[in-house]
Amino acid sequence: SAVISQKPSRDICQRGTSLTIQCQVDSQVTMMFWYRQQPGQSLTLIATANQGSEATYESGFVIDKFPISRPNLTFSTLTVSNMSPEDSSIYLCSASGALNTEAFFGQGTRLTVV
Amino acid sequence: SQQGEEDPQALSIQEGENATMNCSYKTSINNLQWYRQNSGRGLVHLILIRSNEREKHSGRLRVTLDTSKKSSSLLITASRAADTASYFCASQGGKLIFGQGTELSVKP
């Protein structure tokens, strides 16, 4: 199993600013992902964080809005850029040790944009 | 839309009763997983069933998978108040795609 530490756990931000969320895994993992969960909704995959290369984004998500870094096998960041109130959500980091295995999740970052 | 579908969206039962949640997905899969989420926090993995399996048990959990119908069900037997949470299925064919979720309330 893997333990995922995500920070900040919550933040209230002004519109037009950016927030970077950090995700640290306690062991080397193959796959890391970022999800968004809007209030009362399910999880939507934003992107797969690839080590040492550009992230793979899902339809509807772009690098300019959600730049992602993954410099090594245990750490990734997600930035929410030029925020608007519509970006208010929970953002979750996920990791798995291998393809097609169970995923582990951080506790999430609850973001409110005012 | 990424999401698969789950039903019911909400389920309220008494302690000791069984709870059944159903999930449908859209694409071919390698496995299907079920997760639990308490109060909008991180998800906890419950069980994984591979595409070549039809049924799997773990404690009070029983999961079935019907790949011909692209559907799965989660049964929680002898429910407890502590089982109150949101339950999500997630289909995996590479990426993990989540269903809409079922909000389960177990009343003492």
Side-chain angles (χ1 to χ4, degrees), chain A residues 1-10 21-26 29-50 55-61 88-112, chain B residues 1-10 21-53 56 58 61 63 65 67 85-105:
Chain A
S1 66
V3 176
I4 299 177
S5 301
Q6 195 175 328
K7 58 181 181 182
S9 59
R10 60 177 61 230
I21 302 167
Q22 298 181 4
C23 177
Q24 178 74 55
V25 188
D26 70 343
V29 289
T30 303
M31 317 288 289
M32 291 185 77
F33 305 92
W34 287 97
Y35 287 85
R36 181 176 73 183
Q37 186 175 26
Q38 294 177 305
Q41 302 296 315
S42 183
L43 282 74
T44 300
L45 180 63
I46 296 172
T48 302
N50 300 309
T56 304
Y57 290 85
E58 296 301 307
S59 176
F61 297 96
S88 297
S89 288
I90 297 173
Y91 293 86
L92 294 133
C93 172
S94 171
S96 60
L99 196 60
N100 296 321
T101 61
E102 67 179 288
F104 302 95
F105 283 81
Q107 286 299 301
T109 296
R110 186 179 295 270
L111 171 63
T112 302
Chain B
S1 167
Q2 288 184 13
Q3 269 76 41
E5 297 179 3
E6 285 187 56
D7 76 272
Q9 289 186 328
M21 290 161 262
N22 302 297
C23 162
S24 62
Y25 56 91
K26 297 180 179 180
T27 63
S28 60
I29 62 171
N30 296 311
N31 64 68
L32 189 131
Q33 303 178 33
W34 285 88
Y35 289 82
R36 166 192 167 128
Q37 184 180 39
N38 286 83
S39 303
R41 303 306 292 173
L43 277 74
V44 174
H45 181 264
L46 295 176
I47 194 166
L48 180 154
I49 185 167
R50 302 199 184 281
S51 60
N52 60 354
E53 297 176 308
K56 198 164 185 178
S58 176
L61 306 180
V63 170
L65 178 64
T67 53
S86 294
Y87 291 82
F88 295 92
C89 70
S91 57
Q92 187 163 51
K95 297 177 290 191
L96 201 57
I97 304 299
F98 283 81
Q100 293 292 332
T102 295
E103 195 171 322
L104 174 64
S105 174

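Basis for what follows: all heavy atoms, side chains included, without hydrogens, waters or symmetry-related copies. The sequence lines fix the lettering, A, B, ..., with proteins before strands; numbering per chain opens at 1.
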Checklist entry - Counting only heavy atoms not in Gln24(A), do more than 12 fall under 6.0 Å of its CD? => result yes
Checklist entry - So which part of Leu48(B) gets closer than 4.5 Å to some heavy atom of chain A, the side chain, the backbone, both or neither? => result side chain
Item to check | Stepwise side chain to side chain contact (heavy atoms under 4.5 Å, CB included) test for Gln37(A) and Phe88(B) | outcome: CA-CA 12 Å; Gln37(A) 186 175 26; Phe88(B) 295 92; 3.8 Å; yes
Next on the checklist: Can you confirm whether Lys95(B) is buried at NZ, in the sense that more than 12 heavy atoms of other residues, nucleotides or ligands lie under 6.0 Å from that atom?
Outcome noted: no
Checklist entry - Looking only at heavy atoms, what is the nearest atom pair of Gly108(A) and Arg41(B), with distance? => result O-NH2, 4.2 Å
Next on the checklist: Tell me if the CD atom of Glu103(B) is crowded by more than 12 foreign heavy atoms within 6.0 Å.
Outcome noted: no
Item to check | Expected output: side-chain Ser42(A) to main-chain Gly99(B) donor-acceptor under 3.5 Å | outcome: yes
Checklist entry - Do the side chains of Leu96(B) and Tyr35(A) get nearer than 4.5 Å, heavy atoms only? => result yes
Item to check | Under 4.5 Å from any heavy atom of chain B - which part of Thr101(A) | outcome: backbone
Checklist entry - What are the two closest non-hydrogen atoms of Asn31(B) and Asn100(A), and how far apart are they? => result ND2-O, 3.2 Å
Checklist entry - Taking atom CD of Glu53(B) as the centre, does the number of heavy atoms from other residues, nucleotides or ligands within less than 6.0 Å exceed 12? => result yes
Checklist outcome for this item: On a heavy-atom basis, the closest approach of Gln33(B) and Ala103(A) is OE1-N, 3.8 Å
